[in-house]
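To keep things clear, I will list the structure first and then write my remarks on it.
Since this is a predicted model, take the numbers as computed values, not measurements.
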Amino acid sequence: MSALLSLHIIICSLGYFLFGITSVSAYAYLKSERAIKTKAYRLGEGFRWSLHDLDRSLFASLTLGFVAMGLGLLMGIALQDAKYGIVDLTSPRIFFPAAIWLFYLLILFFRLTMGLRGKIPSYLAVYGFHAVVISFVLELYLAAT
């Protein structure tokens, strides 16, 4: 049981980390787009990545984080069932990460079905990461109690 719990923690932490990378990519996208639109600097000068590359890295890290968080959630539910014999889906330790997972599912859904790219998913990813940080702090607090 201890090895499964350790694996669960590692996978969930990886999901949180990948959502952090998603947020950084989204922030870089928004800053670069604003700099281009305001003509703060020319293309090729001080530009490391194109908007297309930033959008692709956002999508890749979002997808990997989504998968890691989904696996972590399933493992957490299985561990709770094994420990208590009952799964309480309203428990904050399951509810908040599941809500974040659903939020990122919506971003992926809109990206894959409607082709939503660029500014809107970037804003959603940055705001979603705020919820990830709150959830992570809540997880640490609940683990201590």
Decide yes or no for [X] and [Y]: does some side-chain heavy atom of the first lie under 4.5 Å from some side-chain heavy atom of the second?
{"X": "L112", "Y": "F59", "result": "yes"}
{"X": "Y123", "Y": "Y27", "result": "no"}
{"X": "F19", "Y": "S61", "result": "no"}
{"X": "T90", "Y": "F95", "result": "no"}

If you group Ile, Leu, Val, Met, Phe, Trp and Tyr by side-chain heavy-atom gaps below 4.5 Å, do [X] and [Y] land in one group?
{"X": "M114", "Y": "Y104", "answer": "yes"}
{"X": "L7", "Y": "V67", "answer": "yes"}
{"X": "V24", "Y": "V132", "answer": "no"}
{"X": "F17", "Y": "I11", "answer": "no"}
{"X": "L18", "Y": "M69", "answer": "no"}

### Query
Are S57 and Y29 linked by a side-chain donor-acceptor pair shorter than 3.5 Å?
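No pair is found: no donor N or O on one side chain lies under 3.5 Å from an acceptor on the other.
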
Could you measure the distance from the [atom1] atom of [X] to the [atom2] atom of [Y]? Nearest 0.5 Å is fine.
{"X": "L5", "Y": "M75", "atom1": "CG", "atom2": "CE", "answer": "8.5 Å"}
{"X": "H8", "Y": "S6", "atom1": "NE2", "atom2": "OG", "answer": "10.5 Å"}
{"X": "I100", "Y": "Y16", "atom1": "CD1", "atom2": "OH", "answer": "5.0 Å"}
{"X": "L4", "Y": "L79", "atom1": "CG", "atom2": "CG", "answer": "5.5 Å"}
{"X": "L105", "Y": "F110", "atom1": "CG", "atom2": "CZ", "answer": "9.5 Å"}
{"X": "F109", "Y": "L102", "atom1": "CZ", "atom2": "CG", "answer": "13.0 Å"}

### Message
List the residues meeting side chain to side chain donor-acceptor pair (under 3.5 Å) with T113, not counting sequence neighbours, and say none if there are none.
### Response
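So T113 forms no side chain to side chain donor-acceptor pair (under 3.5 Å) with any residue.
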
### Task
Go through the structure and list residues passing side chain to side chain donor-acceptor pair (under 3.5 Å) with R111, not counting sequence neighbours.
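With sequence neighbours excluded, R111 shows a side chain to side chain donor-acceptor pair (under 3.5 Å) to D55, given in chain and number order.
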
### Query
Taking atom CZ of F103 as the centre, does the number of heavy atoms from other residues, nucleotides or ligands within less than 6.0 Å exceed 12?
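It does: F103 CZ has more than 12 such atoms within range.
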
### Query
Would you find more than 12 non-hydrogen atoms of other residues, nucleotides or ligands less than 6.0 Å from I120 atom CD1?
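No - once you tally the heavy atoms of other residues, nucleotides and ligands closer than 6.0 Å, there are 12 at most.
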
### Query
Taking the hydrophobic residues Ile, Leu, Val, Met, Phe, Trp and Tyr, and joining any pair whose side-chain heavy atoms are under 4.5 Å apart, which ones share a cluster with V87?
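Noted: V87 shares its cluster with I77, L89, I94.
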
What is the minimum heavy-atom distance between [X] and [Y], and which atoms define it?
{"X": "K119", "Y": "L30", "answer": "CG-CD2, 3.8 Å"}
{"X": "S122", "Y": "L58", "answer": "OG-CD1, 3.7 Å"}
{"X": "P121", "Y": "I107", "answer": "CB-CG2, 4.3 Å"}
{"X": "L51", "Y": "S32", "answer": "CD2-CB, 3.7 Å"}
{"X": "F96", "Y": "S135", "answer": "CB-OG, 3.9 Å"}
{"X": "P92", "Y": "P97", "answer": "O-CD, 3.7 Å"}

### Query
Distance-only, no hydrogens or angles: does the W101 side chain make a donor-acceptor pair with backbone N or O of L73 under 3.5 Å?
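Here the side-chain-to-backbone pair does not exist.
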
### Query
What do the steps show when you test I86 against D81 for side chain to side chain contact (heavy atoms under 4.5 Å, CB included), and what is the final call?
CA-CA 5 Å; I86 184 172; D81 184 42; 5.7 Å; no

